[in-house]
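Basis for what follows: all heavy atoms, side chains included, without hydrogens, waters or symmetry-related copies. Just so you know, residue 1 is the first one in the sequence shown, and it goes up from there.
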Amino acid sequence: MRIAYLTTEFITEPNFSGGLSNYLGRITPFLANLGHDVHVIVFTENPSEIFEFNGVTIHRISVMDSQYQRFLKLVQKTFPTLAFCHVLHIAMNWRAYQVVRKIHKERPFDIIQVPHMGGYGIFLALRLLSPITMRASGYQPALDRCSEVSEISPFDHSEYAFTSTQFGLIDHIFAPSQLVRDLLIREEKLPHVEVIRTPFFDEKVEWDYGSFETHLSGKTYALFFGGLQIYKGVLEIVDALPEIFDEAPDFTMVFVGSDHKTAVGDSMEHYIRSALPSYQDRIVILDALPHAQLFPIIDGAKLVLMPSRIDNMPNTLLEAMSLGKPVIGTIGASLDEFITDGENGFLVPINDSRALATKVIESWNRRDLDRIGQAAKMKIEEFAPEKTVEELLSYYRRVIADYQSKSSLKRKWSKFIQLIK
């Protein structure tokens, strides 16, 4: 197959560490190695460029290139009353369409996959260049609720509107978890969303122990890694830590991930430190790290804490379990689709710091943590690419067959009806 992936982030770009970036950074080279012609079209701050990476053709769309800027100014001039955030979304959407159309004219794509956020596949869906599918890696309104967002910015309103329009235009949508599938069916009134699990790839990177030896050598610690966000359960960890520190004198808490502005302030790292002034010597906070430096830190952890309020089969969960780490996750946030309490990890209720503290204290000195960690590692074998990628390719074939079974006129009429609803 000739496959195009449109994305807002990728591992070759400055925003290399997001979930979408990691997903595409793993699956696209695997598909290329199977003989598929794989293209990644990515928005970037870098100059526009075409190059090969791990067998995949990368097409950078610079938000500063002349064509993008010209179209941005044209939209502003044509619709002077339109909010600038809407102008940005329209410009990025149209620029994505232009780039994909140009590559498609050289040789047609068999299928195009777009991300759910931003509606960057709207023009592609309307113009019907090829069969198109969307991977819904999350659902922003629910994520905002779980992040205690009290006021939605104009840009986020615009993002919601474009995303919702795209949901209505694309017939074939899949999600990595039952949680997100159910949210989309219930809140976006979608008739059908498939669940296709994310493949887990055992990355063969040479481990770099520099950060581990500098900050954690000789420490016994629990680990949180990922973005320092409210919806990831960071507040619950902070609230639970005083009790944990008092009950477990050898306990150190390690946070690894990018800092974020949240409902509790401009810096989550500052919030963590200011909330626990008496325990500064038992808290380590590190910025996001590449996998070569991160994996030794995961491997050295005694427990991994992921008390998310909402999630979607996060890469962090798969990475921790693959390294044989017992994870404490939450019930109802998608992690319980993979963790069985007491067997291959532990579960606590969402937004319950007291339950989290109790579970950490109970688990800290368990003698069977190695057994639970090994069970976690065995669970991840279910997501080996040899098993899950074929499920994805089978799904692509069904999407292509559905596209080919409908006449061009019928497809265009269907899209028009969906757009005006």
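Between the side chain of Asp208 and the backbone N or O of Gly210, at least one donor-acceptor pair lies under 3.5 Å. Side-chain N or O atoms of Thr163 include none that pairs as donor or acceptor with a backbone N or O of Tyr160 at under 3.5 Å. The main-chain N or O of Asp287 is never found under 3.5 Å from a side-chain atom of Asp259 such that the two would form a donor-acceptor pair. Side chain of His116 to backbone of Ser137: a donor-acceptor contact under 3.5 angstrom is found. At distances below 3.5 Å, at least one donor-acceptor pair connects side-chain atoms of Arg197 with backbone N or O atoms of Pro176. Proximity of a side-chain donor or acceptor of Glu337 to a complementary backbone N or O of Gly332 within less than 3.5 Å is not detected. Of the possible polar contacts, none joining the Ser363 side chain to the Val360 backbone as a donor-acceptor pair under 3.5 Å is found. In this structure a side-chain-to-backbone donor-acceptor pair under 3.5 Å is present from Ser21 to Ile11. Side chain of Thr262 to backbone of Gln229: no donor-acceptor contact under 3.5 angstrom is found. Arg181 places no side-chain N or O within donor-acceptor distance of the main-chain N or O of Val195, the cut-off being under 3.5 Å.
Shown here for Phe225 and Thr316, the closest heavy-atom pair between the two residues is CZ-O, 3.2 Å. Of all heavy-atom pairs between Pro29 and Val56, the closest is N-CG2, 3.7 Å. Summarising the geometry of Asn46 relative to Pro14, their closest heavy-atom pair is ND2-CD, 3.6 Å, with the distance given to 0.1 Å. Across every non-hydrogen atom of Val180 and Ser177, the tightest pair is N-OG, 3.3 Å. Closest approach of Ala222 and Leu305 over heavy atoms only: CB-CG, 4.3 Å. Among all heavy-atom pairs drawn from Arg309 and Asn351, the shortest one is NH2-OD1, 3.6 Å.
Between Trp94 and Phe123, the ring planes lie perpendicular to each other; the angle is over 60°, past the 30° to 60° tilted range. The aromatic rings of Phe338 and Phe383 sit perpendicular to each other, their planes meeting at more than 60°, with 30° as the lower class boundary.
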Begin from the C-alpha positions of Ser211 and Gln293 and carry the test side-chain hydrogen bond (donor to acceptor under 3.5 Å, both in side chains) through to its verdict.
CA-CA 6 Å; Ser211 292; Gln293 297 176 42; 2.9 Å; yes
Go through it in stages, so that I can follow the logic: the residues are Thr133 and Gln113, the test is side-chain hydrogen bond (donor to acceptor under 3.5 Å, both in side chains), and I'd like the CA-CA distance, side-chain angles, deciding distance and then a yes or no.
CA-CA 5 Å; Thr133 185; Gln113 181 170 308; 5.5 Å; no
Residues Arg397, Glu391; criterion salt bridge (Lys or Arg N to Asp or Glu O under 4.0 Å); working and verdict
CA-CA 10 Å; Arg397 295 184 197 105; Glu391 181 184 7; over 6 Å; no
Begin from the C-alpha positions of Glu194 and Ile173 and carry the test side-chain contact (heavy atoms from CB on, under 4.5 Å) through to its verdict.
CA-CA 7 Å; Glu194 292 205 29; Ile173 300 172; over 6 Å; no
Could you give me the CA-CA distance, side-chain angles and deciding distance for Ile237 and Phe255, then say whether side-chain contact (heavy atoms from CB on, under 4.5 Å) is met?
CA-CA 10 Å; Ile237 295 176; Phe255 297 89; 3.8 Å; yes
Output, in order, the C-alpha distance, side-chain angles, deciding distance and verdict of salt bridge (Lys or Arg N to Asp or Glu O under 4.0 Å) for Arg354 and Asp352.
CA-CA 6 Å; Arg354 185 62 187 275; Asp352 191 335; over 6 Å; no
Take Ile350 and Ile331, measure what side-chain contact (heavy atoms from CB on, under 4.5 Å) needs, and give me the verdict at the end.
CA-CA 6 Å; Ile350 290 173; Ile331 302 165; 5.7 Å; no
Evaluate the side-chain hydrogen bond (donor to acceptor under 3.5 Å, both in side chains) criterion for residues Asp144 and Gln140: first the C-alpha distance (whole Å), next the side-chain angles of each, then the deciding distance (0.1 Å), finally the verdict.
CA-CA 6 Å; Asp144 285 344; Gln140 192 65 39; 2.8 Å; yes
Passes side-chain contact (heavy atoms from CB on, under 4.5 Å), Glu13 versus Arg60? Steps please.
CA-CA 9 Å; Glu13 308 311 306; Arg60 284 176 168 155; 2.9 Å; yes
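One finds no salt bridge joining Lys379 and Glu343 here, because no Lys/Arg side-chain nitrogen approaches an Asp/Glu carboxylate oxygen to under 4.0 Å. For the pair Lys377 and Glu319, the salt-bridge criterion is not met [side-chain N within less than 4.0 Å of a carboxylate O]. Remark: Lys359 engages Asp341 in a salt bridge, criterion side-chain N to carboxylate O under 4.0 Å.
A donor and an acceptor atom, one from each side chain of Asn312 and Ser334, are nowhere located under 3.5 Å apart. His59 and Glu49 form no side-chain donor-acceptor contact under 3.5 Å, judged by distance and modelled atom types alone. A side-chain N or O of Ser258 and one of His260 form a donor-acceptor pair less than 3.5 Å apart. With 3.5 Å as the limit, one finds a donor-acceptor pair spanning the side chains of Thr198 and Arg135.
Within the 4.5 Å cutoff, side-chain heavy atoms of Met313 are placed close to those of Leu318. Between Ile58 and Ile50 there is no side-chain heavy-atom pair separated by less than 4.5 Å.
Remark: aromatic rings of Tyr120 and Phe162 are distant, center separation not under 6.0 Å.
At most 12 heavy atoms of other shown residues, nucleotides or ligands fall within 6.0 angstrom of atom CD in Glu45. Within a 6.0 Å radius of CD in Glu106, other residues, nucleotides and ligands contribute more than 12 heavy atoms.
For the pair Arg2 and Phe109, the cation-pi criterion (under 6.0 Å, within 45° of the ring axis) is fulfilled.
The distance from the CG atom of Leu286 to the CZ atom of Phe212 is 11.5 Å, given to the nearest 0.5 Å.
Evaluation of the ring pair (Phe, Tyr, Trp, His ring centres under 6.0 Å) test over residues 173-203, restricted to residues two or more places apart or in two chains, returns Phe30-Phe201, Phe174-Tyr395.
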